[in-house]
Novice: 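Pasting in a structure now, in C-alpha cells, and then I'll have a few things to ask.
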There are 2 protein chains.
Amino acid sequence: MIRVLLAEDQAMVRGALSALLRLEPDMDVVASAADGQEAWRLIEQHAPDVVVTDIEMPGLTGLELAQRVRERGAACKVVIVTTFARPGYLRRALEAGVVGYLLKDAPAEQLADALRKVHRGGRVVDPQLAVDAWSEADPLNDRERQVLRLAGEGLSAGEVAAQLHLSQGTVRNYLSEAIGKLGVGNRIEAYRLARQKGWL
Amino acid sequence: MIRVLLAEDQAMVRGALSALLRLEPDMDVVASAADGQEAWRLIEQHAPDVVVTDIEMPGLTGLELAQRVRERGAACKVVIVTTFARPGYLRRALEAGVVGYLLKDAPAEQLADALRKVHRGGRVVDPQLAVDAWSEADPLNDRERQVLRLAGEGLSAGEVAAQLHLSQGTVRNYLSEAIGKLGVGNRIEAYRLARQKGWL
DNA sequence: AATTGCGGTTGACATTCGTCACCTGCGCGG
DNA sequence: CCGCGCAGGTGACGAATGTCAACCGCAATT
C-alpha cells in the first residue's frame, strides 16, 4: 500500500486527483493540503511514502517544500505535478532532491504509474522537459532576480530600492544588467522572458 | 442518469475530474475533449445533458464553445469550470447562455451538486464572483485595449504605433488615458490590472 | 453656415529608464 | 601588508515615458 499526500492549491483539482488515486487499489491518499505550510505539517504527522505537490502555491511553494523535506530528512519521496514546463523549475526541483516531475498535460493514467515507480526507488521526469532543462542556465544572480520580480509588478526603480534597502541607482544597474544578460530591450520583456523560463 | 461531457486541456486534470464524476452513481461521463473543437464534435455525436468546460483552451475557448452550443441550438447545458475569477469572463459566459460558472478553487464536492442542480434547470454561479461581475464595467475603449495589450508585451510606444499605424504621440496618449482610467501609475500596472479583471 | 463632438496629431515639459564609467568599502588569499 | 574581487553607490547623458493643452479634419447636428 502506497501512502500518498497531496498538495495542490486548487480545491477542485485536489479533490479530483484524490478521487483518481483512490481508484487505484494499491494507493491510499492519507491527507491533502492546500498549501506548502499545511503540507509540511501533514507530512510530519502522517509520514507518507510519497508527496505529490504542485509548484505554485501560496506561502510555501512546492519547490521550497521539497527542499524542506530534504533538509529535515523526512523519509518521503517528492513528486512535482505542475502546469509549468519551465526548465528552471525542473532544474531547481532536481536540485531539491525531487524524484518525479510530471506535467498536468500528461495523461492521467501516468500519475499512478509514476508514483509506483518512484515508490520502488525510481525516477520519473517528463522526457521532453529533461532535454531543455540543461540546455540553458539561468544567467541571473539573486539580486537581479529580486529586482526583476518587483519591477515586473510595476514598481518603479525608487519603489524597488525602498523595498530592498538599496539605492535607486543600484536598482537601475541591476535592471540594466538583467536586460543585457537576457538580450532584450526593456524591463518588461526581461520580466516576461525570465518568468517564462522559470527563472522568476 | 446525467450524461456529462468534459472539455479541459490539461490531460491529467481531465482524467482526474472524470474519475471524480464517475464516483457519483447518477453521473456518466460519456466523453472528454482536450479542446473546444473536439468538444463540439463530441457534443454533436453524443448529445450529452451537460457540458463541463474550462475557458482557456487551444483553438476554441470554452466561451466560444458555449456560444456555439447556443447558436446551433444543441440541447445541453454548459457549465464553466475555470481557474480565472475574472469578472469579464463571467459576464461573457452569462451572455453566451452558460448556466453554471464554478472556480477550480471551489471544493470538489460542489461540482457534482452543481451539475445536478443545473440538470434540474437551475443556475449555479460562484457567489463571490457574481457581485464583482456587475459592479465594475470595463472602462477601456477599443484603442486603449489594443495599445495596452501590445505595451504589456514589452513593445515601446514607437513599436506599438508602427503596428497599429498610429503616431507615437497618439499611442502615448492612449496609454496615459488607460493608466488614468485604471487609477494606476504606469503601463505595467495598467496591463496587469486590466488582464486580471479579464478586460485584456 | 455655424456648432458640436470625436478620433487622431503635435509639441512641450518633467520624470523615469537604460547605459556607462568610475568610486567606495570590505573580506580573503597570498 | 598588499592586491584582488565583489557588492553596492554615484553621477551624468540620452532615450523613452507620462501628462497636458492645443490643434486638425470630418461627420452629424441645429
Side-chain angles (χ1 to χ4, degrees), chain A residues 63-64 67 88 91-92 95-96 136-200, chain B residues 88 92 136-200:
Chain A
L63 293 174
E64 291 162 342
Q67 224 169 313
R91 182 188 309 236
R92 275 195 273 159
E95 280 164 5
E136 223 178 337
D138 180 353
L140 304 175
N141 63 35
D142 279 355
R143 280 310 202 186
E144 287 157 2
R145 234 190 308 281
Q146 284 178 62
V147 167
L148 198 49
R149 228 191 314 253
L150 295 174
E153 317 263 345
L155 302 198
S156 70
E159 294 168 321
V160 173
Q163 280 215 18
L164 299 182
H165 312 292
L166 291 177
S167 96
Q168 214 176 119
T170 305
V171 168
R172 280 193 288 135
N173 283 338
Y174 283 132
L175 240 8
S176 182
E177 260 299 298
I179 290 169
K181 283 183 179 177
L182 298 179
V184 293
N186 60 47
R187 57 179 66 190
I188 306 180
E189 290 178 310
Y191 176 76
R192 293 175 73 93
L193 178 59
R195 202 168 154 70
Q196 180 216 325
K197 293 280 191 182
W199 300 330
L200 234 170
Chain B
R92 276 194 272 160
E136 219 175 345
D138 180 352
L140 303 175
N141 62 35
D142 280 355
R143 280 309 203 186
E144 288 156 3
R145 233 191 308 282
Q146 284 179 61
V147 167
L148 198 49
R149 228 192 314 254
L150 294 174
E153 317 263 345
L155 302 198
S156 70
E159 294 168 318
V160 173
Q163 280 216 17
L164 300 182
H165 311 293
L166 291 177
S167 96
Q168 200 171 147
T170 305
V171 169
R172 283 194 284 137
N173 283 337
Y174 283 131
L175 242 7
S176 182
E177 260 300 295
I179 291 169
K181 283 183 178 176
L182 299 178
V184 293
N186 59 47
R187 56 179 69 189
I188 306 181
E189 291 178 309
Y191 176 75
R192 294 175 72 93
L193 179 58
R195 204 170 152 67
Q196 180 215 323
K197 294 282 190 179
W199 299 330
L200 232 169

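Labels below follow one simple rule: chain letters A, B, ... track the order of the sequence lines, proteins then strands, and each chain is numbered from 1.
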Novice: Rounded at 0.5 Å granularity, tell me how far CG in L193(B) sits from CH2 in W199(B).
Specialist: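 One finds 6.0 Å between CG of L193(B) and CH2 of W199(B).
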Novice: Give the minimum heavy-atom separation between I188(B) and G152(A), together with the two atoms involved.
Specialist: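 The answer is CG2-O, 3.4 Å.
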Novice: Send over the distance from L164(B) CG to dG7(C) C1', rounded to a whole Å.
Specialist: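 About 14 Å, once rounded to whole Å.
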Novice: Which heavy atom of A194(B) sits nearest a heavy atom of L140(B), and at what distance?
Specialist: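 Minimum heavy-atom separation between A194(B) and L140(B): CB-CD1, 4.2 Å.
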Novice: Could you tabulate the donor-acceptor pairs under 3.5 Å formed by side-chain atoms of residues 160-169 of chain A, not counting sequence neighbours?
Specialist:
residue : atom : partner : partner atom : Å
S167(A) : OG   : G169(A) : N            : 3.3
S167(A) : OG   : T170(A) : N            : 3.3
S167(A) : OG   : T170(A) : OG1          : 3.2

Novice: In whole Å, I'd like the distance from the CG atom of L148(B) to the P atom of dT17(D).
Specialist: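 Rounded to whole Å, this separation is 13 Å.
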Novice: Among the nucleotides dT9(C), dT17(D), dC17(C), which one has an atom lying closest to any side-chain atom of S167(B)?
Specialist: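 From the listed options, dT9(C) comes nearest.
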Novice: Rounded to whole angstroms, how far apart are CD on E144(A) and C1' on dG18(C)?
Specialist: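 Interatomic distance, CD of E144(A) to C1' of dG18(C): 14 Å.
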Novice: Atom pairs, N/O to N/O, protein against nucleotides 22-28 of chain C, distance under 3.5 Å?
Specialist:
none

Novice: Who passes salt bridge (charged side-chain N to carboxylate O under 4.0 Å, His left out) against R192(A), sequence neighbours left out?
Specialist: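 R192(A) satisfies salt bridge (charged side-chain N to carboxylate O under 4.0 Å, His left out) with E153(B) once adjacent residues are dropped.
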Novice: Quick one: is S176(A) getting a side-chain N or O under 4.0 Å of the dT19(C) phosphate, OP1 or OP2?
Specialist: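 Yes, because at least one side-chain N or O of S176(A) sits under 4.0 Å from OP1 or OP2 of dT19(C).
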Novice: Among residues 177-195 of chain A, which contact DNA chain D at a heavy-atom distance under 4.0 Å?
Specialist: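 DNA chain D contact set from residues 177-195 of chain A: none.
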Novice: CG/N186(A) to OH/Y191(A) distance, rounded to the nearest 0.5 angstrom?
Specialist: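 Output value for this atom pair is 14.0 Å.
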Novice: Can you list, by residue number, the residues of residues 168-175 of chain B that have a non-hydrogen atom closer than 4.0 angstrom to DNA chain D?
Specialist: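 DNA chain D contact set from residues 168-175 of chain B: R172(B), N173(B).
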Novice: So L182(B) and L148(B), do their side chains get closer than 4.5 Å, heavy atoms only?
Specialist: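 Yes. Closest side-chain heavy atoms under 4.5 Å.
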Novice: Rounded off to whole Å, could you give me the CZ-to-C1' distance for the R143(A) and dG9(D) pair?
Specialist: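 Taking CZ of R143(A) and C1' of dG9(D), I get 13 Å after rounding.
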Novice: To the nearest 0.5 Å, what is the distance between CG on N141(B) and OH on Y174(B)?
Specialist: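 Separation between the atoms: 6.5 Å.
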Novice: For a quick test of reading the model, state the closest non-hydrogen atom pair linking G185(B) to I179(B) and the distance between them.
Specialist: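 Shortest heavy-atom separation between G185(B) and I179(B) comes out as C-CG2, 4.0 Å.
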Novice: Do R92(A) side-chain atoms and G198(A) backbone N/O form a donor-acceptor pair below 3.5 Å?
Specialist: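 Checked: pair present.
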Novice: So which pairs with a foot in residues 170-189 of chain B pass salt bridge (charged side-chain N to carboxylate O under 4.0 Å, His left out), sequence neighbours left out?
Specialist: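 Found E144(B)-K181(B).
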